[in-house]
Trainee: 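Quick one: structure below, then a few questions.
The basis for the numbers below is simple: all heavy atoms, side chains too, and nothing from hydrogens, waters or symmetry mates.
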Amino acid sequence: MPGVLHGHRHDTCRFCGSGDLKRYLDLGEQPPSNSFLRPEEVAAEQRFPLDVYLCRTCGLSQLGYVVSAQDIFDDYVYLSSTSRALVAHFQALIDSVIGEFQMPAQPRVVDIGCNDGIMLDRYPASYVRIGVEPSSAGEIAAAKGHHVLKSFFDPLVAQAIVERFGAANVVTMTNVFAHIDAILPVVEGLQRLLRQDGIVIIEFPYIIDTVDQVLFDTIYHEHLSYLSVTPTQALFSRYGMRCIQARRAAIGASGPAVQLFICHDAAPYAGDGSVEALVEFEKNWGLSDMAPYATFAQAVGDRTQQLRSLVQDLRSAGKRIAGFAAPAKGNTLLNTAGLTAQEITAISENNEWKIGRLAPGSHIPVVSEQEFMDGKFDYALLLAWNYLDFFLERSEYIKGGGKFIVPLPEPRILPA
């Protein structure tokens, strides 16, 4: 985590500009969740307020404190392709897009926030594959032969892509839209970048799943907005674009997600009714009402206490516990529950950029999968719980008789 991180309070809604924001969740001060530390950096670690506000005008949930994106993404250790489950998820998405929307011989496809090229890799080699990535992870995508612009996305970047490659047939933003503070220029850029018959697909963790299932670990400083269809559709409509499909997905990069398909107003696509259905669902659920969020805040306290008690009981019984996988969201979970290296000995990971570092806040050592297996731990806290089924079926740790502590939606031990 080189250098000093900077941040500021955000007192108006980034979607609609309203100042009618009401705080409903306060997780205290925490370090940015992907800022894994080298041991010598612990003394200089920074923490920032992690609290969530509801815009009662448009219904968008958002962080009240923004940490500089330039600081967070300069030395970013998240690599998408290290998750085999996520690779399969994105392959299914791209296969469906290619099957549903007619593509020319050499379509232009753009992935904004392309990371290590996980999405671009899913397309046929004949496609012109373009990525936009501000972090060092983009160097991996470029080494694979993809065209990568090292930048944050805005209208100027959109224009540069159009001038060099032509307008885009497909644009994807998966687990990216929620990261952006100045969102209006990004939507303007999407409008410029997209062909008149093109499709934009954004995927994001769904705030209603977050609240209903108490998935508070998806809240961290990189995630500035907690999205739903209603305010997102209204935002795109201001730029002459319309949402034509909304698909709920059981898994995404951070948990249950929504995939929103967007086109120009004049594009030759009819909606399938799914967008309108989710907008009505959100209205009935109470998207702009404080009541469900107040219940959520209470449940967060209950879940963290349940998890801490379970871990402490196992430790008191002499059991050895490690963490399994080191996603960013796992650090929100660990820090909110107050779990440190005293309770969780180590965290296994297959991302070489994280191995040898310490988890932010908790300072639990991140070790290789082999070192984790050699440790013969009795239990493993599954921090990547959204891939539970995948790991239950394929993990060598489980095949060898290990057991997962699954923290959410509620703490339990599997296999039972």
Trainee: Under a plain distance cut-off of 3.5 Å, with no hydrogens placed, do Gln306 and Asp302 share a side-chain donor-acceptor pair?
Mentor: no
Trainee: Using a 3.5 Å distance criterion without hydrogens, assess whether the side chain of His363 forms a donor-acceptor pair with backbone atoms of Ala359.
Mentor: no
Trainee: Look at the side chain of Thr304 and the backbone N and O of Gly301, then say whether any donor-acceptor pair between them is shorter than 3.5 Å.
Mentor: yes
Trainee: Within the 3.5 Å criterion, strictly below it, is a donor on Ser274 or Asp272 matched to an acceptor on the partner's side chain?
Mentor: yes
Trainee: Whether the side chain of Arg14 engages the backbone of Asp181 through a donor-acceptor N/O pair (distance < 3.5 Å, no angle test) should be reported.
Mentor: yes
Trainee: Partners of Asp289 by side-chain hydrogen bond (donor to acceptor under 3.5 Å, both in side chains), sequence neighbours excluded?
Mentor: none
Trainee: So, the side chain of Asn335 versus the backbone of Ser362: is there a donor-acceptor pair under 3.5 Å, distance only?
Mentor: yes
Trainee: List the steps, then state whether side-chain contact (heavy atoms from CB on, under 4.5 Å) holds for Met173 with Leu190.
Mentor: CA-CA 10 Å; Met173 296 182 73; Leu190 290 172; 4.0 Å; yes
Trainee: Provide the full list of side-chain hydrogen bond (donor to acceptor under 3.5 Å, both in side chains) pairs with a residue in residues 230-240, sequence neighbours left out, each pair given once.
Mentor: Thr230-Glu282
Trainee: In chain order, what residues pass the ring-ring contact (aromatic ring centres under 6.0 Å, His included) check against Tyr379, with sequence neighbours excluded?
Mentor: none
Trainee: For the side chain of His221 and the backbone of His223, is there at least one donor-acceptor N/O pair under 3.5 Å apart?
Mentor: no
Trainee: Please check if atom CD in Gln106 has more than 12 non-hydrogen atoms from other residues, nucleotides or ligands closer than 6.0 Å.
Mentor: no
Trainee: Tell me which pairs pass side-chain hydrogen bond (donor to acceptor under 3.5 Å, both in side chains) where either residue lies in residues 337-348, with sequence neighbours left out.
Mentor: Thr340-Glu343
Trainee: Who pairs with Tyr53 by ring-ring contact (aromatic ring centres under 6.0 Å, His included), at least two apart in sequence or on another chain?
Mentor: none
Trainee: Over 60° means perpendicular and under 30° means parallel, so tell me whether Trp285 and Tyr293 are parallel, tilted or perpendicular.
Mentor: perpendicular
Trainee: Under the rule for ring-ring contact (aromatic ring centres under 6.0 Å, His included), what residues qualify as partners of Tyr65, not counting sequence neighbours?
Mentor: Phe48
Trainee: Without hydrogens or angle criteria, can the side chains of Arg247 and Gln245 be said to hold a donor-acceptor pair below 3.5 Å?
Mentor: yes
Trainee: Is a donor on one side and an acceptor on the other found under 3.5 Å between the side chain of Thr336 and the backbone of Leu333?
Mentor: no
Trainee: For side-chain contact (heavy atoms from CB on, under 4.5 Å), just list the numbers for Met119 and Val110, CA-CA rounded to whole Å, side-chain angles, deciding distance to a tenth of an Å, and then say yes or no.
Mentor: CA-CA 9 Å; Met119 185 69 77; Val110 179; over 6 Å; no
Trainee: Run the salt bridge (charged side-chain N to carboxylate O under 4.0 Å, His left out) test against Arg195 and tell me which residues pass, sequence neighbours left out.
Mentor: Asp197
Trainee: Checking the side chain of Ser18 only, and the main-chain atoms of Asp20 only, is there a donor and an acceptor separated by less than 3.5 Å?
Mentor: yes
Trainee: Could I get the full list of side-chain hydrogen bond (donor to acceptor under 3.5 Å, both in side chains) partners for Glu163, not counting sequence neighbours?
Mentor: Gln159
Trainee: Could you check whether any side-chain heavy atom of Glu349 comes within less than 4.5 Å of a side-chain heavy atom of Glu369, counting everything from C-beta outward?
Mentor: no
Trainee: Applying salt bridge (charged side-chain N to carboxylate O under 4.0 Å, His left out), run through Arg38 and Glu41 and close with a yes or a no.
Mentor: CA-CA 5 Å; Arg38 297 178 181 89; Glu41 294 171 337; 3.3 Å; yes
Trainee: Closest heavy-atom contact between Phe372 and Ala322?
Mentor: CE1-CB, 3.7 Å
Trainee: Who are the side-chain hydrogen bond (donor to acceptor under 3.5 Å, both in side chains) partners of Tyr24, not counting sequence neighbours?
Mentor: Ser61
Trainee: May I ask you to test the Tyr226-Thr210 pair for a side-chain heavy-atom distance under 4.5 Å?
Mentor: no
Trainee: Please identify each residue that fulfils salt bridge (charged side-chain N to carboxylate O under 4.0 Å, His left out) with Arg315, with sequence neighbours left out.
Mentor: none
Trainee: What I want to check is whether the side chains of Thr172 and Asp111 have a donor and an acceptor closer together than 3.5 Å.
Mentor: yes
Trainee: For the residue pair Arg47 / Gln30, report whether a side-chain donor-acceptor contact shorter than 3.5 Å exists.
Mentor: no
Trainee: Under the rule for ring-ring contact (aromatic ring centres under 6.0 Å, His included), what residues qualify as partners of Phe236, not counting sequence neighbours?
Mentor: Phe177
Trainee: Considering only residues two or more places apart or on different chains, which pairs with a residue in residues 255-269 satisfy side-chain hydrogen bond (donor to acceptor under 3.5 Å, both in side chains)?
Mentor: Glu203-Gln259
